[in-house]
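Quick caveat: nothing in here was measured; it's all calculated off a predicted structure.
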Amino acid sequence: MDSRAAVATAEALAVSFAELAVVLRGGTDSSGSGDADPLRRVADGFLDGLAEISRLDAKSAALKVWLAC
């Protein structure tokens, strides 16, 4: 990975952190049907957060590999 790729990865991490913040704030799209089942809405929010953290982990791992080389 060249330095441009490392910068792109760092920028992608910043975007992912912003997206995670939106999920944690509860800013996921609300279609109205989730309001009928609040437990489903909470579970979906947790799953969205876990998915975003997984993407962050992958991007962070790529950056760590580049920095270690």
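Between Arg25 and Val22, some side-chain heavy-atom pair lies under the 4.5 Å cut-off. Residues Glu11 and Val15 have side chains not in contact (no heavy-atom distance under 4.5 Å, counting atoms from C-beta outward).
Taken together through direct or relayed side-chain contacts under 4.5 Å among Ile, Leu, Val, Met, Phe, Trp and Tyr, Leu56 and Leu67 form part of one hydrophobic cluster.
The structure places CD of Glu19 at 11.0 Å from CG of Asp48, a figure rounded to the nearest 0.5 Å.
The minimum heavy-atom distance between Ser3 and Trp66, with the atom names listed, is CA-CZ2, 3.8 Å.
Contacts of Ile53 classified as side chain to side chain contact (heavy atoms under 4.5 Å, CB included), with partners at least two apart in sequence or in another chain: Leu20, Asp57. For the side chain to side chain contact (heavy atoms under 4.5 Å, CB included) test, no residue two or more places apart in sequence or in another chain qualifies with Ser54. The salt bridge (charged side-chain N to carboxylate O under 4.0 Å, His left out) check on Glu52 picks up Arg55, with sequence neighbours excluded.
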Going by atom type alone, with no hydrogens or angles, which donor-acceptor pairs under 3.5 Å involve a side-chain atom of residues 58-65 and a protein atom two or more places apart or on another chain?
residue, atom, partner, partner atom, Å
Lys59, NZ, Ser16, OG, 2.5

